[in-house]
Enquirer: 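This is the structure, below, for whatever I ask next.
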Amino acid sequence: MALSITTWNINSVRLRLPIVVQFLEQFRPDILCLQEIKCQNEEFPADAFRELGYDNIIVHGQKGYHGVATVSKLPLSEDHRQDYCGMGDARHISAIFEWAGRRIRLHNFYVPAGGDEPDPAANPKFAHKLSFVDEMKALRADAEPGVSAILVGDLNIAPFENDVWSHKQMLKIVSHTPVETEGLLEVVSRGGWLDLMRETVDPSQKLYTWWSYRAKDWAAADRGRRLDHIWSSPDLGPHLDRIEVLKEARGWDRPSDHVPVTARFSA
DNA sequence: ATGGCTCGCGGAGCGAGA
């Protein structure tokens, strides 16, 4: 019995509904986790997802910015929205689904980008990002007895050297500064998470999920970053078949700057 | 050679993304 879960920062779900539909029709993941939906709950285009068989929808949106949503062919229960940093931002939603006799809590995150200046004293957005990551360190993969866990989302940090196009040139660029990358690796180690993308793609290999809108030719420049992640509790590791990064989606009509990342499991 | 583009909001141009 297979299970597939996709994470995708969509950068406005209403504007990009055509490519979301294209993706779901072509790849049919069991569950799709979206970030940066940029709409309020009542504006989420739920009908379009229901028509495709995704009847189980949970949304944590807000006006204009941020926002996350999880749409699923499998029933979702015990949904929860955690307000990290007490900012009132819509950056997290989770729920439990059942697969192969297991109960699995699926977390969907949108971590703050952090602005330009990597100095928390000078840049409140960077301070917010660091506080957010600090709070995530308390999130354990075994938080609920008898419940496995999967954590996906746009974490806005590329932790390893080959998660960016140039480690040296990125060390002072927000998303790859040591305080961020060390912080994220501490979230992984303290929480007891498995980085499923790096379980299947060796750290010696470049791996990106995001390419800037500003490059003249994103594919030729190939200056990407691995900002999107899929983690799990250790018990699910042996069930991972593969990870698919759909790079071609960056070249679709009016694309997001992030591409869908899918984890495929078998029982 | 990173910031050059792309969003929402609102009805011009700005804040935000990363």
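Values reported hereafter were calculated over all heavy atoms of this structure, with side chains retained and with hydrogens, waters and symmetry mates removed. Within every chain, numbering begins at 1; the chains are lettered A, B, ... in the order of the sequence lines, protein sequences first and strands thereafter.
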Enquirer: Write down the atom of A:L184, the atom of A:V133, and the distance for their closest heavy-atom approach.
Expert: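 Scanning both residues, the minimum pair turns out to be N-CG1, 4.0 Å.
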
Enquirer: A:W8 and A:F23: aromatic ring centres closer than 6.0 Å?
Expert: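 Under 6.0 Å, so yes.
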
Enquirer: When you compare the protein's N or O atoms with those of nucleotides 7-13 of chain B, which come within less than 3.5 Å of each other, and at what distance?
Expert:
unit_1 : atom_1 : unit_2 : atom_2 : d
B:dC7  : OP1    : A:R16  : NH1    : 3.0
B:dC7  : OP2    : A:R254 : NH2    : 3.2
B:dC7  : O5'    : A:R16  : NH2    : 3.1
B:dG8  : OP1    : A:S12  : OG     : 2.5
B:dC9  : OP1    : A:G64  : N      : 3.1

Enquirer: Expressed as a whole number of Å, how far does the P atom of B:dG10 sit from that of B:dC5?
Expert: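 Roughly 25 Å separates the two P atoms.
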
Enquirer: Send over the distance from A:W210 CH2 to B:dG17 C1', rounded to a whole Å.
Expert: 9 Å

Enquirer: Enumerate donor-acceptor pairs with a distance under 3.5 Å from any side-chain N or O in residues 58-73 of chain A to protein atoms, sequence neighbours excluded.
Expert:
unit_1 : atom_1 : unit_2 : atom_2 : d
A:H60  : ND1    : A:H92  : O      : 3.0
A:Q62  : OE1    : A:A90  : N      : 2.6
A:H66  : NE2    : A:R91  : NH2    : 3.2
A:T70  : OG1    : A:N108 : ND2    : 3.2
A:S72  : OG     : A:L74  : N      : 2.8
A:S72  : OG     : A:L74  : O      : 2.6

Enquirer: How close or far is atom P of B:dG17 from atom CD1 of A:I37, stated in whole angstroms?
Expert: 16 Å

Enquirer: Under a 3.5 Å threshold, yes or no: a donor from one side chain and an acceptor from the other, between A:Q82 and A:H80?
Expert: yes

Enquirer: Considering every strand and a 4.0 Å limit on heavy-atom distances, what is the contact class for A:F126: base, sugar-phosphate, or nothing?
Expert: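 No contact.
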
Enquirer: Considering just the side-chain nitrogens and oxygens of A:Y208, establish if one lies under 4.0 Å of OP1 or OP2 belonging to B:dA18.
Expert: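 Answer is no, no contact under 4.0 Å.
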
Enquirer: In whole angstrom, give the distance that lies between atom CG of A:D217 and atom C1' of B:dC5.
Expert: 14 Å

Enquirer: Which nucleotide, in any strand shown, forms a Watson-Crick or G-U wobble pair with B:dG11, with both distances under 3.5 Å?
Expert: none

